[in-house]
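In what follows, a single structure is set out as structure tokens and then discussed.
Heavy atoms only: backbone and side chains are in, while hydrogens, waters and symmetry mates are out. The first residue in the sequence is number 1, and the count goes up from there.
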Amino acid sequence: MNHSTSSELPSGLKEAEKPAFKVGSQATIRADHMADMNGATATIGGAYTTTAYTVSYTPTTGEEKVNNHKWVIHEEIKDADSEPYAPGTEVILTADHMKGMDGAKATIDSVEPTTVYMVDYTPTTGGEPVKNHKWVTENELSAH
């Protein structure tokens with residue numbers, strides 16, 4: 001599966017003023033929400049201050065429900081309120097980083113105000129580099 005996405009950002013997303021990891025720097029990914037991601041070296045492509053959510057949704061493609069997907073950000077929710085959503089809230093996604101996500105109904109599972117990063121990395125098992133992966137949170141990165 002190709003996890004590369006467009007570098008296009010959702011409307012209203014604000015760049016982080018003092019991110020822990022600067023754009024262009026490298027960090028080690030400490031997350032496994034994609035296969036062969038944990039331990040990979042990431043190049044930071046962007047750093048943004050927002051609220052990140054884990055969500056459960058049924059893809060618009062008719063595939064099986066996806067539970068606890070990490071991450072969708074506040075700016076990727078249709079007609080988002082100005083305040084963060086609480087767990088259990090039902091929303092419509094505008095994110096397109098996974099097939100069938102855009103337009104899907106979702107339930108917010110967890111909420112985390114944080115800095116999120118768009119990163120490029122090569123999977124730990126090799127293969128095609130991933131470009132513009134959305135999103136890795138600050139606590140999922142460590143100094144390289």
Side-chain angles (χ1 to χ4, degrees), residues 1-123 128-144:
M1 180 178 269
N2 181 359
H3 295 295
S4 294
T5 65
S6 159
S7 61
E8 191 173 321
L9 298 172
S11 172
L13 187 58
K14 297 189 177 12
E15 285 190 22
E17 289 185 22
K18 294 184 180 177
F21 302 93
K22 297 190 182 325
V23 173
S25 70
Q26 292 191 323
T28 302
I29 300 173
R30 300 289 176 214
D32 60 1
H33 34 99
M34 295 294 181
D36 305 322
M37 170 187 255
N38 195 28
T41 298
T43 300
I44 307 300
Y48 309 93
T49 301
T50 189
T51 301
Y53 302 100
T54 56
V55 297
S56 293
Y57 69 97
T58 302
T60 59
T61 54
E63 294 173 51
E64 281 188 38
K65 182 177 181 179
V66 175
N67 292 306
N68 296 305
H69 172 81
K70 292 183 179 178
W71 300 95
V72 172
I73 61 172
H74 193 76
E75 293 78 6
E76 294 175 321
I77 294 175
K78 184 176 182 175
D79 302 324
D81 292 342
S82 58
E83 294 298 313
Y85 292 100
T89 304
E90 291 191 354
V91 298
I92 302 292
L93 304 177
T94 61
D96 64 357
H97 26 110
M98 299 294 284
K99 191 175 179 184
M101 190 177 253
D102 190 10
K105 289 182 182 176
T107 302
I108 304 289
D109 296 317
S110 70
V111 182
E112 186 174 331
T114 187
T115 299
V116 295
Y117 296 86
M118 182 166 48
V119 298
D120 295 345
Y121 70 94
T122 298
E128 289 295 311
V130 175
K131 300 286 184 199
N132 304 314
H133 175 78
K134 298 171 186 158
W135 304 101
V136 179
T137 59
E138 195 157 276
N139 65 2
E140 292 177 326
L141 295 170
S142 62
H144 188 63

Are I73 and P10 side-chain neighbours, meaning at least one heavy-atom pair lies under 4.5 Å?
-> yes
When the ring planes of Y53 and Y85 are compared, do they come out parallel, tilted or perpendicular, using 30° and 60° as the limits?
-> tilted
So CD1 of I108 and CD1 of I77: to nearest 0.5 Å the spacing works out to 4.0 Å
How many angstroms lie between CZ in R30 and OG1 in T137, if you round to the nearest 0.5 Å?
-> 13.5 Å
Looking only at non-hydrogen atoms, find the nearest pair between A104 and T58 and report the distance.
-> CB-O, 3.5 Å
If we only count heavy atoms from C-beta on, is the T54 to K70 side-chain gap below 4.5 Å?
-> yes
Does E15 reach the side chain of V23, with side-chain heavy atoms less than 4.5 Å apart?
-> no
Evaluate side chain to side chain contact (heavy atoms under 4.5 Å, CB included) for T122 paired with V130, printing each intermediate quantity in order.
-> CA-CA 6 Å; T122 298; V130 175; over 6 Å; no
Could you tell me the separation between the CD atom of Q26 and the CG atom of D120, rounded to the nearest 0.5 Å?
-> 10.0 Å
Any side-chain heavy atom of T89 sitting closer than 4.5 Å to one from T107?
-> no
Within the side chain of D109, is there an N or O that forms a donor-acceptor pair under 3.5 Å with the backbone of S56?
-> yes
Looking only at heavy atoms, the pair that brings M37 and A31 closest together is CG-O, 3.6 Å
Pick out which of E140, E112, E76 makes a side chain to side chain donor-acceptor pair (under 3.5 Å) with W71.
-> E140
Residue among T50, V116, L9, T51 satisfying side-chain contact (heavy atoms from CB on, under 4.5 Å) with E75 | T50
Distance col, row W135:CH2 vs M118:CE, nearest 0.5 angstrom, shows 5.5 Å
Taken to the nearest 0.5 Å, the spacing of Y117 OH from K22 NZ works out to 9.0 Å
Separation of K105 NZ from L93 CG (nearest 0.5 Å) = 12.0 Å
